[in-house]
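A short write-up of the structure that comes next.
Small disclaimer: the values here were computed from a predicted structure and weren't measured. What's counted below: heavy atoms across the whole structure, side chains too, no hydrogens, waters or symmetry copies.
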Amino acid sequence: LETGVDVRYHLTSQFALDLTYKTDFAQAESDDEIVNVSRFNINRREKREFFNQSAGIFNFGSGMSAGGTLVGRRRNMDAFKLFESRTIGIMDEQKVPMLGGLKLAGKAGDYSLGLMNLQTEASDLEDDVHVPSTNYTAFKIKRNLMTNSYVGLMALTRQSAAENFNRALGGEAFVAISPEFSLNGTLARTFTPQDSARGGWGGDLGVVLNKDWLEISARYSPLDSLFNPTMGFVRRENVRGYDTGMALTKWINNRHLKKASFFYQLDYKTDHHSTLLFRENKYNFYLTTSSDDLFYYSIHPLYEFLPEDDEILDVPISAGIYDGFHQMVMFKSNMGRKISGSVSYRWGDRFSGTSGTLTVRSNFQLGDNLHVDLDYKNDKLDLPTGNVCANTVATRLTYSFSTELFAKYYLQYNSADELISSNLLLDYIFRPRCHLYLVYNEGRDSSNDLVGTYRDRMLLVKLTYLWNTFG
């Protein structure tokens, strides 16, 4: 039996202080099951409410304007993030117990400020991995300038002992020269005990021209070999990225079609000796109907150089140069319908073989009370050295008994990890913004049969109560 306390106090109508002790985020929905069929890291979506509240204040280099609107194509946040909240309390997709901490976030005039300090407990994970008690600190300040511009500063520290730390310091800027033309960029440095003299550098610089029918963008993103933000996320280390894009949109607005769009993007990566590692030309075509259904087709010629042997899900890949192309088709219906969804299929060359990905998503609004989501994904990789065939299935049922009481059940199956996970949440809102949660989480090993054997399970009761100090 474990207990914990969370307190949120609004210092002003714009500033909130969160205090937490022995936090358990079990009322958050389970992570989406993902099969990683790439050679690089993937970044999962944060679902914990503690971190999602005021999350925008801790964003670094998001490519958003000072007014919070997207101006042109934003920086690819999958490439690197200086701060990623999932590095706190999660390691190797396993939960690390939280001891406690605080978060202060809000806005005052042209300034926004965020401060977070959290401490995790020492714990032992699977495979005899010991995680020491660790302190995490994040500080972010941003000032709006002129009509739609800003500058910002972020500082991060992760420390478990006097000589076991990782620190990062970064600056960001967004300058709207006109409503159509903007510049944005970041520059960051990381520090560790081993590399404290030099540190590692990373950042990006982008330019965007955005008109009603035309968008042109270009971005340069260098990350050196010592850039290692352990409170952030880096998809691919020690590269220089060059991205350019051009989008054309023709508004039609007749009985059948609303608009047609073409989007070209070049993704070009080298090492710091200018050796080409990756090149992908993306030709994307979109048709949006008058009923807001979307048809999509793309073709992507690509080049990839592997300087050394690698593997994907235990399938070996030899070093060398690989050329090819892949294609993708997709249909996505108007999500405002009672029955809606999307289906896509991507296929083509992959290293010395082929790959294919089928994704199906569907949404059903059954009456006024029940909503059902059904998702299916199949990933295939066929190489001379081996094959991968992985399936993920997920269903989410949400039922509203009344405006004060609802239930949500989330069930997932991942064939690659041989895992069945489920999450049941009952939420009773006994007064505005006051909740009583009952949560049951379960994980099963399905390596022997589909019923599976228990990996872990947990029952949680959580009460939140709001005292309104602002009348």
Side-chain angles (χ1 to χ4, degrees), residues 34-38 40 42 70 72-79 208-219 235 241-269 278-304 322-337 339-351 353-363 373-382 388-392:
I34 299 174
V35 179
N36 186 6
V37 290
S38 74
F40 307 108
I42 57 173
L70 178 61
R73 187 169 58 86
R74 69 192 300 174
R75 177 170 74 83
N76 183 3
M77 300 297 284
D78 289 336
V208 176
L209 172 65
N210 188 21
K211 302 283 287 185
D212 289 339
W213 59 275
L214 172 67
E215 178 187 312
I216 299 174
S217 61
R219 185 168 300 278
R235 176 170 171 78
Y242 306 84
D243 297 277
T244 61
M246 181 181 70
L248 302 170
T249 301
K250 172 63 176 176
W251 291 89
I252 301 171
N253 290 323
N254 63 22
R255 289 178 51 196
H256 305 290
L257 292 177
K258 177 181 287 187
K259 63 180 178 178
S261 303
F262 167 74
F263 178 38
Y264 167 76
Q265 184 181 3
L266 171 65
D267 185 359
Y268 191 95
K269 289 181 172 61
F278 182 83
R279 181 187 64 233
E280 184 174 19
N281 291 279
K282 305 176 183 179
Y283 302 92
N284 308 282
F285 303 88
Y286 303 83
L287 278 178
T288 304
T289 70
S290 57
S291 57
D292 283 328
D293 296 322
L294 175 67
F295 294 89
Y296 167 80
Y297 170 75
S298 68
I299 182 168
H300 300 187
L302 56 87
Y303 165 99
E304 188 161 4
Y322 298 93
D323 287 293
F325 71 93
H326 63 256
Q327 303 175 72
M328 181 175 175
V329 293
M330 181 183 71
F331 169 74
K332 182 178 181 181
S333 70
N334 184 340
M335 302 305 289
R337 298 191 180 110
I339 299 177
S340 62
S342 64
V343 58
S344 66
Y345 184 59
R346 173 174 168 167
W347 73 98
D349 303 315
R350 190 76 185 277
F351 304 112
T354 60
S355 68
T357 300
L358 172 66
T359 305
V360 180
R361 303 183 185 279
S362 55
N363 308 278
D373 298 325
L374 293 172
D375 297 337
Y376 170 73
K377 187 175 183 180
N378 171 260
D379 288 290
K380 287 184 178 180
L381 178 63
D382 294 318
V388 172
C389 182
N391 297 284
T392 56

Taking all heavy atoms of [X] and all of [Y], pick out the closest pair and write down the distance.
{"X": "Ser362", "Y": "Asp375", "value": "N-OD1, 3.9 Å"}
{"X": "Gly241", "Y": "Lys269", "value": "CA-CG, 4.2 Å"}
{"X": "Thr249", "Y": "Ser261", "value": "OG1-OG, 3.5 Å"}
{"X": "Lys377", "Y": "Thr357", "value": "CE-CG2, 3.5 Å"}

Taking atom types as modelled, find out whether Tyr286 and Thr288 have a side-chain donor-acceptor pair closer than 3.5 angstrom. no
Side-chain donor-acceptor pair present, Asp293, Ser333, cut-off under 3.5 Å: no
Heavy atoms, side chains only, cut-off 4.5 Å: are [X] and [Y] in contact?
{"X": "Asp323", "Y": "Leu302", "answer": "no"}
{"X": "Ser355", "Y": "His326", "answer": "no"}
{"X": "Gln327", "Y": "Trp347", "answer": "yes"}
{"X": "Glu304", "Y": "Phe351", "answer": "yes"}
{"X": "Asn36", "Y": "Ile42", "answer": "yes"}
{"X": "Tyr264", "Y": "Asn281", "answer": "yes"}
{"X": "Lys258", "Y": "Thr289", "answer": "no"}

Give the ring-plane orientation class for Tyr242 versus Tyr268, where under 30° counts as parallel, over 60° as perpendicular and anything between as tilted. perpendicular
For Phe285 and Phe262, take the angle between the two ring planes, folded into 0 to 90°, and tell me which bin it lands in: parallel under 30, tilted 30 to 60, perpendicular over 60. tilted
Crowding at CG, Asp212 (>12 non-hydrogen neighbours, <6.0 Å): no
Heavy-atom count around Phe331 CZ within 6.0 Å, excluding the residue itself: above 12? yes
Where the side chain of Asn334 meets the backbone of Ser291, is there a donor-acceptor pair that is under 3.5 Å apart? yes
Taking Phe263's backbone N and O only, do any of them form a donor-acceptor pair with Asn284's side chain (distance below 3.5 Å, no angle check)? yes
